[in-house]
Amino acid sequence: MRAIFAAIAKKFPDLELVIAWNQPMLKSGDGYVIGVMLSKSHILLAPWGKGVLASFAPRLTGLELNKKTVRVPFDWKVDTKLLQDMDAARLAQLET
């Protein structure tokens with residue numbers, strides 16, 4: 001989880017790390033950008049924003065997509081560019 005947040009903070013250092021719904025989330029102002037949840041067998045990434053996850057589905061091959069989350073295994077090599085692009089898409093939504 002630290003590697004995921006570090007990858008995002010590299011490009012977006014002003015995002016605020018908060019705990020919401022008992023999970024770590026990154027926020028920009030009043031808007032949530034992404035949440036990360038840990039389970040016994042995987043990590044769930046929950047990018048906020050309408051259509052953000054769906055628009056990145058082609059880049060998420062090999063990972064399990066749910067309606068609002070993507071499941072990644074513990075040994076997932078953190079895709080910094082993917083995480084930063086998803087967050088940029090959400091931040092663009094918050095600016096409008």
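Just so you know, these numbers use all the heavy atoms, side chains as well, and skip hydrogens, waters and symmetry mates.
Contacts classified as side-chain hydrogen bond (donor to acceptor under 3.5 Å, both in side chains) and involving residues 51-61 (residues at least two apart or in different chains) are given here: Arg59-Asp85. For residues 54-89, no pair satisfies ring-ring contact (aromatic ring centres under 6.0 Å, His included), with sequence neighbours left out.
In this structure, Lys11 places its NZ atom where more than 12 heavy-atom neighbours from other residues, nucleotides or ligands lie under 6.0 Å away.
If you take CD1 on Ile8 and CE on Met86, they are separated by 7.5 Å, rounding to the nearest 0.5 Å. One distance of note links CD1 of Ile34 with CG of Leu15; it measures 10.0 Å at 0.5 Å rounding.
Listed by chain and number, the residues in a side chain to side chain donor-acceptor pair (under 3.5 Å) with Asn66 are Thr69 (sequence neighbours excluded). Remark: Gln93 engages Arg90 in a side chain to side chain donor-acceptor pair (under 3.5 Å) (not counting sequence neighbours). Partners of Pro24 according to the side-chain contact (heavy atoms from CB on, under 4.5 Å) rule, which considers only residues two or more places apart in sequence or in another chain, are Met1, Phe5, Leu17, Ile19.
Gly31 and Leu94 get closest at one heavy-atom pair: CA-CD2, 3.9 Å. Between Thr80 and Ala7 the shortest heavy-atom distance is OG1-CB, 3.6 Å. Across every non-hydrogen atom of Ala54 and Pro58, the tightest pair is O-CD, 4.2 Å.
With side-chain heavy atoms closer than 4.5 Å counting as contact, directly or through intermediates, the hydrophobic cluster containing Val18 also holds Trp21, Met25, Tyr32, Trp48.
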Please tabulate, for the side chains in residues 37-45, all donor-acceptor contacts under 3.5 angstrom to protein atoms that are two or more places apart in sequence or on a different chain.
{"from": "Ser39", "atom 1": "OG", "to": "Ser41", "atom 2": "N", "distance (Å)": "3.2"}
{"from": "Ser39", "atom 1": "OG", "to": "His42", "atom 2": "N", "distance (Å)": "3.2"}
{"from": "Ser39", "atom 1": "OG", "to": "His42", "atom 2": "O", "distance (Å)": "3.1"}
{"from": "Ser39", "atom 1": "OG", "to": "His42", "atom 2": "ND1", "distance (Å)": "3.2"}
{"from": "Ser39", "atom 1": "OG", "to": "His42", "atom 2": "NE2", "distance (Å)": "3.4"}
{"from": "His42", "atom 1": "NE2", "to": "Arg71", "atom 2": "NE", "distance (Å)": "3.4"}

Give the intermediate values and the outcome of side-chain contact (heavy atoms from CB on, under 4.5 Å) for residues Leu60 and Leu53.
CA-CA 9 Å; Leu60 299 169; Leu53 187 59; 3.7 Å; yes

